[in-house]
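Here's a structure for you.
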Amino acid sequence: VRGAADEILLTPTVRDWPKGLRLNWIDAPQVEVAEDGALYWPMLDGCEVTDLELRESGTWIDYRPLGYTPRCKAWGALYPGNCQMQFMAFYKDGRGIYFGCHDPTHTQMGVEYDWRSDRATRLSLQMFCGETKDGVWTAPAPFTLRLFNGGWMEACEIYRDFIYTLPAFQTPVKRPKWMYESPVNLIYPVQGEGIDHGPNPMKTNRYYPFINVMPEVEKYGRLFDSKIMALIMHWEGTAPWCPPYVWPPLGGEEGLAKLRDALHARGDLLGLYCSGCAWTQVSCINDYSQEKKCRDEGLERWMMRGPKGQIEATICNHRFAQRFGYDMCLTEKWSQETLVEEIGKIARFGVDYCQYFDQNIGGAALLCYSRAHHHPPVPGAWQTKAMLDLQDKVFAKIGEVGSQMTLGCEACAATPFVKNLFYNDSRANNDVSYGNPVAGLPFVFHEWMSNFSGNQIGHDADVGYRWMRSFHYGESFSVILGADGKLQNAWGIPWKKPRPDQERLIALVKNLNSVRKANLPWLLEGKMLRPFAKVETKRVFVKYGNLDIETDEVMSSFWQAPDGRRRAFLSNWGLKDAVAAVTFADGTRKVYALKPGEVVWFDAPAVSAPAKVRRPFSFMPILS
């Protein structure tokens, strides 16, 4: 069916498949694009791929159709999950093609690209078929092919227009008061020294008992001139990263209560990492085991299964990971009741923020093919509905115990989960395996979802680039605490490895958070815009492991506050002075010379007046 003049709508229907078989998924329509343009891919908060062959160099990230794959091999672009939106866009020389499916039921699909040769790349929206009726399956919404002018921002605007039509996005999100104070997250473990996987046994460190971290909380609160959220890893009284039974905390409630009360007395916050909707049989870090309970109570019957009855978890399930176990199927009453009860214990205790859905990347429910559960034997929209149902019950429980605890997930929340999970651990750094991180998720969802800069897992690129990019995403900030009260480059890096320049990192976070707190109508509540002024600056490279990532020497972002006021921000993330030339809508031009770490901003100018520039924040050492 032809839509508007620049759009074709396609609604696949399948019937008459062989008797005795079930329709698993379809991958239609088949769309191929050239190899020499750029692709916007909604993977892990937004990625612009300019080398479409790059991912084929590694078996961990190469293309494969999604399906049930055990033992940490299920990495793929699942929507709604680590791919958080239902479209891709290919563009070159200012012209592009948008390929998406604006499905309000949020049927599970693979949002993928398949490099085939130096002449073509196939775009794939692999949709799981879930329910069929009378032997016929019809796509729940049309696939759209649309021509557009521009690049990734213009493509994201098309998807944002769809978002505005969904009931969940008709009202503003109810943020907790503490988000308006822009606390800095102080992320650290109480067990281990930066390595958090097997087969290494994990011992307590200097931050246990829990109260031992208070000198660092007070120190960094002073240095950042900010509220602090102590966001703890490896705190569980069972075993690190071993859900669902994580409570009580290590050593019992009394020790963590001392920290909670000390934090709250200062106006600071307590946060906990968890590990999502998985079932742990045994830990790879200590001797924790639930094998007997699982066997005695027949709990395997509630776990996700493959199409041949396979049962094995897909995330962190390896002797060199954190655990062996399964994934819990969320349609089953036992699974939901268990998870609600466990989250309720955390909320009842007085935790302010819990990243419970860590490892449910993007808030995802994974793929289940069980024929014995209360769902069709093929993945589909029913899995999204089951996750939303679980979240509704969880928030009812949180309210029932008198808590206002906020929940989050690993990476930005995918489309259907945004209104529930609006403060999450950004994982844009991980896009460097494929291309350049871009602010796709903030561009579409920032009015409802403002995340934090995450635990930076495994990445040691320039701290100025990483934290400045978070600033332009509208994120609040997090830092990683290591040995001797010093800051690490990232989570997952052994404490004995070299640390970043402490003075630079602390000054950078302090100054950026000061700017953020002064501009919350834009950087917390605001809507990201396409540029309303033209910014010209050098293109430079930042090293990420073996990769060189191209970026702007002076970063920029453009915003609109809820009351319609528009504001732009320019910043220099590097170690040298940098220059940007800005041409305004009225044709006037101004050159800005920015010192290292400096941020300036200007408002959208009136037609007859030049922009007003404010320059109160610059990078200055604060450790003396």
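Bear in mind the structure is a predicted one, so any value in this text is a computation, not a measurement. Side chains are part of it too, since the values below use all heavy atoms of this structure and drop only hydrogens, waters and symmetry mates. Sequential numbering from 1 along the given sequence is applied to the chain's residues.
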| message | Measuring only between side-chain heavy atoms, which start at C-beta, is Ile97 closer than 4.5 Å to Arg146? | response | no
| field | Passing option when Gln84 is tested against Thr415, Leu78, Ile361, Asp45 for side chain to side chain contact (heavy atoms under 4.5 Å, CB included) | value | Asp45
| field | Pair His459-Tyr544, ring-ring contact (aromatic ring centres under 6.0 Å, His included): steps then yes or no | value | CA-CA 7 Å; His459 292 285; Tyr544 255 94; 5.3 Å; yes
| Minimum-distance pair of heavy atoms, taken over all atoms of Leu125 and Cys101 | CD1-N, 4.1 Å
| query | Going by atom types only, do Arg565 and Gln560 share a side-chain donor-acceptor pair under 3.5 Å? | reply | no
| query | Would you say Lys534 has more than 12 foreign heavy atoms packed within less than 6.0 Å of its NZ? | reply | no
| Intermediate values then yes/no, salt bridge (charged side-chain N to carboxylate O under 4.0 Å, His left out), Asp577 and Lys595 | CA-CA 5 Å; Asp577 292 355; Lys595 298 182 183 302; 5.0 Å; no
| Donor + acceptor pair across side chains of Arg469, Asn429 (<3.5 Å) | yes
| note | Contacts of Asp114 meeting side-chain hydrogen bond (donor to acceptor under 3.5 Å, both in side chains) (sequence neighbours excluded), chain-then-number -> none
| field | Audit row: Tyr91, Asn149, side chain to side chain contact (heavy atoms under 4.5 Å, CB included) steps and yes/no | value | CA-CA 8 Å; Tyr91 38 93; Asn149 294 319; over 6 Å; no
| With distance as the sole criterion, is a donor-acceptor pair present between the side chains of Ser557 and Trp559 under 3.5 Å? | yes
| When the ring planes of Tyr273 and Trp241 are compared, do they come out parallel, tilted or perpendicular, using 30° and 60° as the limits? | tilted
| query | What are the two closest heavy atoms between Thr384 and Gln108, and how far apart are they? | reply | OG1-CG, 4.3 Å
| Heavy-atom side-chain contact between Arg567 and Pro521 under 4.5 Å | no
| field | Within 45° cone and under 6.0 Å: Lys590 NZ/CZ vs Tyr592 ring | value | yes
| remark: Residue set satisfying salt bridge (Lys or Arg N to Asp or Glu O under 4.0 Å) with Glu53, at least two apart, ordered chain then number -> none
| Residues which pass side-chain contact (heavy atoms from CB on, under 4.5 Å) with Cys47, listed by chain and number, not counting sequence neighbours | Val49, Asp431, Tyr434
| Does Tyr113 have Arg55 sitting over its ring (NZ/CZ under 6.0 Å from centre, angle to axis within 45°)? | yes
| field | Ring center gap for Phe357 and Phe417 short of 6.0 angstrom | value | no
| message | Run the side-chain hydrogen bond (donor to acceptor under 3.5 Å, both in side chains) test against Ser182 and tell me which residues pass, sequence neighbours left out. | response | Asn513, Arg516
| Trace of the side chain to side chain contact (heavy atoms under 4.5 Å, CB included) decision for Trp601 with Leu570 | CA-CA 6 Å; Trp601 70 81; Leu570 305 177; over 6 Å; no
| task | Please check if the side chain of Gln502 supplies one atom and the backbone of Leu487 the other of a donor-acceptor pair under 3.5 Å. | result | yes
| query | Will you find, in the side chains of Ser571 and His472, an N or O donor that is under 3.5 Å from an N or O acceptor? | reply | yes
| message | Here's a test for you: under ring-ring contact (aromatic ring centres under 6.0 Å, His included), which of Tyr40, Trp152, Phe162 qualifies with Phe87? | response | Tyr40
| Among all residues two or more places apart in sequence or in another chain, which pass the side-chain contact (heavy atoms from CB on, under 4.5 Å) test with Ala580? | Val535, Thr537, Val554
| field | Any residue meeting salt bridge (Lys or Arg N to Asp or Glu O under 4.0 Å) with Lys538, in chain and number order, not counting sequence neighbours | value | none
| Which residues share a side-chain hydrogen bond (donor to acceptor under 3.5 Å, both in side chains) with His106, sequence neighbours left out | Tyr79
| message | Under the rule for ring pair (Phe, Tyr, Trp, His ring centres under 6.0 Å), what residues qualify as partners of Phe169, not counting sequence neighbours? | response | Phe445, Trp448
| note | Shortest non-hydrogen pair, Glu475 vs Ser453, comes out as OE1-CA, 3.4 Å
| Is it true that a side-chain atom of Asn424 and a backbone atom of Cys412 form a donor plus acceptor pair closer than 3.5 Å? | no
| field | Shortest non-hydrogen contact from Met85 toward Val111 | value | O-CG2, 3.9 Å
| query | Can you check side chain to side chain contact (heavy atoms under 4.5 Å, CB included) on Thr551 and Val540, steps first, answer last? | reply | CA-CA 6 Å; Thr551 189; Val540 295; 4.2 Å; yes
| field | From Tyr473, Phe471, Tyr423, residue fulfilling ring-ring contact (aromatic ring centres under 6.0 Å, His included) relative to Phe452 | value | Tyr423
| Does some side-chain heavy atom of Phe443 sit less than 4.5 Å from a side-chain heavy atom of Met153? | yes
| Quick one: ring pair (Phe, Tyr, Trp, His ring centres under 6.0 Å) pairs with a partner in residues 502-524, sequence neighbours left out? | none
| query | Taking only residues two or more places apart in sequence, or in another chain, which ones meet Asn420 in a side-chain contact (heavy atoms from CB on, under 4.5 Å)? | reply | Leu388, Gln391, Asp392, Phe395
| task | Check the pair Phe532, Phe584 against side chain to side chain contact (heavy atoms under 4.5 Å, CB included), reporting the backbone distance first and the verdict last. | result | CA-CA 7 Å; Phe532 50 74; Phe584 299 100; over 6 Å; no
| Going by atom types alone, do Gln86 and Tyr159 pair a side-chain donor with an acceptor below 3.5 Å? | yes
| Nearest non-hydrogen partners of Ile187 and Gly454, listed with the distance | CD1-O, 4.0 Å
| field | Nearest atoms (heavy-atom pairs only) where Pro12 meets Leu10 | value | CD-O, 3.5 Å
| message | Does Arg119, at its CZ atom, have more than 12 non-hydrogen atoms belonging to other residues, nucleotides or ligands within less than 6.0 Å? | response | no
| said: Within the 4.5 Å heavy-atom criterion, are Gln488 and Leu481 side-chain neighbours or not? | reply: no
| Partners meeting side-chain contact (heavy atoms from CB on, under 4.5 Å) with Val173 (sequence neighbours left out) | Arg175, Lys419, Phe422
| said: Distance alone, cut at 3.5 Å: any donor-acceptor contact between the side chains of Ser124 and Asp27? | reply: yes
| request: State which residues pass side-chain hydrogen bond (donor to acceptor under 3.5 Å, both in side chains) with Glu447; sequence neighbours excluded, sorted by chain then number. | output: Tyr164
